[in-house]
Amino acid sequence: MADETDKPWGGRFREPTDAFVETFTASVNFDRRFYDADIEGSQAHARMLRRIGVLNDTELHAILEGLEQIRAEIDAGTFPWSVALEDVHMNIEARLIERIGEAGKKLHTGRSRNDQVATDLRLYLRREIDAVCGELRRLQRVLLDLAEREAGTIMPGFTHLQVAQPVTFGHHMMAWFEMLERDHERLQDCRRRVNVCPLGSAALAGTVYPLDREYTARLLGFERPTRNSLDAVSDRDFAIEFAAAAALTMMHLSRFAEELVLWTSAQFDFVRLPDRFCTGSSIMPQKKNPDVPELVRGKSGRVYGNLMALLTLMKSQPLAYNKDNQEDKEPLFDSIDTLRAALRAFADMLPAMELNRERLYAAAAEGFSTATDLADYLVRKGVPFRDAHEIVGRAVALAERTGRRLDELRLDELRALSECIEEDVRQVLTLEGSVAARDLLGGTAPRQVRRQVAEARRRIEQGS
Ligand code: ARG
């Protein structure tokens, strides 16, 4: 370019860009990440331009070939990225012109970087959503395997972090599974709104060329073209939706992480993480710290922050495109990277987790966890629930006072509280009896857990 600025847009400028402003406004250092989407979008745009007669066959061929060579250069790390050329779009276009000459100058017909970047971002995010969903599914399968293996393993269930009732380890794993199932659904739903094609919106008003927008959308695997050019170049809802879905999933992973941190402590001693997922202390030789879950818990913070950043970025922006939008990329990329890493960490770590089944069982027996079972027993014998609650409360007080568990109370002691209690109460007060009795949809009984696992397997194997 022979103007003062050496920029593709330099025609009307009379002095070069300030050196600081050039780096301040450039995005190439981060938006080059989606060069693949940029090339794919340009190739589809070029094919469409051929179809409507803007390009001839020779020109189309030169453009497609040139873009392929550029892709190879970037893959090989030999592409001459230039901050002076601002962003990934102008870097690739300038290189194309350098390589193929005149034909390259026609590629940007009927297109603006505004619809181009919106298209690139959608193509890129669509691929990343599919990858995240793959990671989610992998972790879900790990949980299904664990749930199946530990369907009959008894552990304490908590409310208020106080022992509440015995549950099965498999049931607990399936609770995690369900959270991830909603996360998967949310991402699939988000994907539908990502998957529309802004190309043809041009800068903001559409374009004078009779672009075949349906054709371009189809070539790129989009569901349909967008319906309003002003909205299409400025809309970043799809990125915010993804960031929100990512924040929610990180919240779930942070909750798992918190449980693992508790469970691996000496006070709980429920599970052990393999050494290769832990680190030590530089001063305390005895320490083995659950760093991986702690980091996942900690990283949820930045993913929430990215969501807030994107929401704040978009608020108060008048239509249509504003340069503010260039700030959408780094938070989005960070959420993608952090989420994928956290999912991977869990999927790699959980199969190697060891259970301390004796300790889980003993902990479930503490805290009078079968008290509700005793109350339900009395109800079956005809005692109104409120009276049963009162009677069991007295039994708990007696056990506590004498330092025993509920199942260690003698029959005559129990009968002093209620005549309705008979020898058959023994089975009711066992942990096995307690969990097996909760044999209804969603309950903790081993039979239910195995059924849920089988159904979930069927669902995810045919669903996606
Ligand atoms: N690098 C820009 C972005 O990320 C591309 C669009 C620029 N458009 C413009 N008119 N300056 O948003």
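Both ligands and their constituent atoms are indexed starting at 1 by order of listing.
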Just checking [X]: does its [atom1] atom have more than 12 heavy atoms from other residues, nucleotides or ligands closer to it than 6.0 angstrom?
X    : atom1 : result
H252 : NE2   : yes
R357 : CZ    : yes
E223 : CD    : no
L440 : CG    : yes

Check: Hey, which residues fall under 4.0 Å of ligand 1 on heavy atoms?
Finding: S27, D31, D87, H89, R113, N114, V117, Y321, Q326, K329
Next item on the list: Say whether, by atom type as modelled, one donor and one acceptor occur between the side chain of T5 and the main chain of P16 under 3.5 angstrom.
Entry: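 Such a contact is absent between T5 side chain and P16 backbone.
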Next item on the list: Flag the pair R138 / R344 as yes when at least one side-chain heavy-atom distance between them is below 4.5 Å, and no otherwise.
Entry: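 The answer is yes, as the side chains (C-beta and beyond) meet within the 4.5 Å cut-off.
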